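First up is the structure itself, then whatever we jot down about it.
Given the structure is predicted, the values throughout are model-derived calculations rather than measurements.
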Amino acid sequence: MTQALSGAAIAAVIAACWLLGRPRPKILRSTDASAVAALNRSQMELVLPRQREAASSADSSSHNSLSVALPSAADRRGRLQLLAQLERQFQQGGEPRRQALAVCSAWQHRDALPLIRRGLRDSDQQVAALAAEAMAHFRGRSAATAQLAVAKPPRNVSRTR
């Protein structure tokens, strides 16, 4: 009787391990296809032939986007409005996305960093180049960290004297 129960227990443990160890089917985490659509739009722009007139009008429109009044660092409401506008332009893709990153590059404010970081991972090469140009301003040690590093003595100051 004990052998039968221990055999049944062992069979139950093996069955439980087998059921728990099976790979489960992976369910899509998100059905949002906006990133795929943006990739398709950027690839179509590369494939379709462009006319010289369209390129020159795009250049003139990008210069017009830089004439946006950039808020000062103290103007919180203006910064939030500009960030909301840049976010909407970034979501549209294509030329508005390039214009948004050009404004971020001209603005050079820390609030635009999340948008610039997303631009670095963008599938459009021009957007990635604009984001890299905008990120160049933020590379290196920040001024606050540099001041702290100079003012702070080493932990083992007694050993250095």
Side-chain angles (χ1 to χ4, degrees), residues 20-158 160:
L20 291 175
R22 285 183 20 203
R24 290 174 176 74
K26 295 192 170 107
I27 299 172
L28 292 177
R29 290 192 176 130
S30 172
T31 55
D32 186 15
S34 62
V36 175
L39 175 65
N40 289 340
R41 280 192 297 271
S42 65
Q43 294 298 322
M44 288 301 291
E45 289 175 1
L46 294 174
V47 173
L48 294 175
R50 291 186 185 181
Q51 290 108 11
R52 297 284 179 191
E53 302 155 342
S56 65
S57 67
D59 290 340
S60 66
S61 66
S62 68
H63 292 299
N64 292 338
S65 70
L66 293 177
S67 64
V68 173
L70 300 176
S72 66
D75 184 16
R76 180 170 171 76
R77 186 178 196 192
R79 284 185 295 154
L80 291 176
Q81 288 175 347
L82 180 63
L83 284 172
Q85 176 188 357
L86 291 175
E87 183 69 34
R88 283 191 304 271
Q89 283 182 332
F90 195 84
Q91 293 296 328
Q92 290 175 357
E95 187 60 33
R97 182 174 289 177
R98 290 184 208 107
Q99 291 174 358
L101 280 171
V103 171
C104 288
S105 178
W107 189 24
Q108 295 182 347
H109 197 275
R110 292 184 98 50
D111 288 347
L113 275 174
L115 200 63
I116 295 170
R117 286 187 186 116
R118 272 194 290 169
L120 287 172
R121 296 186 306 264
D122 198 85
S123 59
D124 188 1
Q125 291 176 354
Q126 292 176 344
V127 171
L130 284 170
E133 180 182 320
M135 186 60 86
H137 174 73
F138 299 103
R139 298 266 187 229
R141 185 183 296 185
S142 68
T145 308
Q147 290 174 354
L148 288 175
V150 171
K152 191 175 177 182
R155 290 180 65 187
N156 55 358
V157 71
S158 62
T160 59

Exercise. How close do R79 and D111 get, heavy atom to heavy atom, and via which atoms?
Worked result: NH1-OD2, 2.9 Å

Exercise. At their closest point, which heavy atom of L101 faces which heavy atom of I116, and how far apart are they?
Worked result: CD2-CA, 4.1 Å

Seminar exercise, completed: Minimal heavy-atom distance between L86 and C104, with the atoms involved, is CD1-SG, 3.6 Å

Problem set entry | side chain to side chain contact (heavy atoms under 4.5 Å, CB included) between Q81 and Q85, intermediate numbers included | CA-CA 6 Å; Q81 288 175 347; Q85 176 188 357; over 6 Å; no

Problem set entry | Nearest atoms (heavy-atom pairs only) where F90 meets A100 | N-CB, 4.3 Å

Exercise. At what distance, to the nearest 0.5 angstrom, does NE2 of H109 lie from CG of L115?
Worked result: 14.0 Å

Exercise. E87 versus Q91: any side-chain heavy-atom pair under 4.5 Å?
Worked result: yes

Exercise. Looking at side-chain heavy atoms only, is the closest gap between R117 and F138 below 4.5 Å?
Worked result: no

For this session: Considering only NZ, NE, NH1 and NH2 on the basic side and carboxylate oxygens on the acidic side, decide whether R97 and D122 come within less than 4.0 Å.
Result: yes

For this session: Flag the pair R98 / D124 as yes when at least one side-chain heavy-atom distance between them is below 4.5 Å, and no otherwise.
Result: yes

Exercise. Quick one: does R76's side chain get under 4.5 Å of L80's, heavy atoms only?
Worked result: yes

